[in-house]
Every structure is written in C-alpha cells, then in structure tokens.
Amino acid sequence: MTIEEKIAAMLLKAQAAKENAYAPYSKFKVGACINTIKDEFFAGCNVENAAYPLTQCAEAGAIGNMIAMNGANQITEVVIISSGDKPCVPCGACRQRIREFAQENTQVHMFSNDANTKITMTLSELLPESFGPEFLHD
Ligand code: THU
C-alpha cells in the first residue's frame, strides 16, 4: 500500500467514525483514525456529555481503541476529519495524547468536512518542545 492509499483508507475509517459521533451539543462531529507501526488502523469519534467537560475527543477514542485492541504501539500517521469547513486541528490535550505514542515526525493529516482540503503537519510542528515518556525514564 502506498502512503496515499493508506491515508485514503484511514480517511474512510475516520469518516465512518465521524458519522457515528455523539455531538448533540456542539453539533461538531469529529472522526479520527490512527495508524500504527504494525499497519493497524484504529478509529474514534467525539463523545459529548450533558456535563460538558466530560466530552471525549475523537483522537482520545482512537487511542483508547488501539490500547484496548492491541496494546500500546507507535503511531505513524493520524487522520482527522470534522464537520467543519476548515481542516480540523487537534486540540492541545489531544496533541499531548498523540505525543505519548508518536514520534516527532509522525504525520497528522487534517481534512475539511468535504475532504477536499487537507493540511499535513508533523507532531513536532503541532507540539514543539514537548514533554513525553522519555523524560521519566532513567
Ligand atoms: N473535538 C475533537 O473530537 N477533537 C479535536 O481535536 C477538536 C475538538 C470535539 C470535542 C467536542 O465534542 C467538539 O469537537 C467541539 O469542541
């Protein structure tokens, strides 16, 4: 699979997850798909709550799925799509969530609702000088 084919396949999974998003309050649906070094895709969507701060982002769901299905692994690519006109950038907390399992050069592909506009950035561009697991190891 070429990288373009991979991203296209991830986009389909993120779009399907987005359709299932539970976002009755913001009406802003988000779907995410992560790929791991083992070439396994895990999708997630945002899940809101009447107690607003309990909302879970799509990226958090995708990471949770990865851990639940196959344990922790290196994230190689991330695809994010939302119901917004502009490509959806990950929130600050999700940048840090991705950071836990990614590398500086992990690519984050952010799509507009119609998937016609894509912005690609590396994790270190989105979260420079970041804190991560290696700070806590000997
Ligand atoms: N949201 C995500 O799921 N991921 C992001 O990276 C940005 C924001 C969700 C949370 C909330 O349900 C809605 O978008 C509006 O903030």
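Ligands are counted one by one from 1 in listed order, and the atoms in each one are counted from 1 as well. For reference, positions follow the sequence shown, starting with 1.
The aromatic rings of Phe135 and Phe131 are tilted relative to each other, their planes meeting at an angle between 30° and 60°.
Dense packing is recorded around NZ of Lys29, with more than 12 heavy atoms of other residues, nucleotides or ligands lying under 6.0 Å away.
Within the 4.5 Å cutoff, the side chain of Pro133 has heavy atoms near those of the Glu100 side chain.
When each of Cys91, Ser82, Ser83 is tested with Val30 by the rule side chain to side chain contact (heavy atoms under 4.5 Å, CB included), just one qualifies, namely Ser82. Of the listed residues (Asn35, Ile34, Ile63), just one forms a side chain to side chain contact (heavy atoms under 4.5 Å, CB included) with Val78, and that residue is Ile34.
Listed by chain and number, Ser26, Phe28, Val30, Asn46, Glu48, Thr55, Cys57, Ala58, Glu59, Val89, Pro90, Cys91 each place a non-hydrogen atom less than 4.0 angstrom from ligand 1.
Remark: side-chain polar atoms of Ser112 are paired, donor with acceptor, to backbone N or O of Thr117 under 3.5 angstrom.
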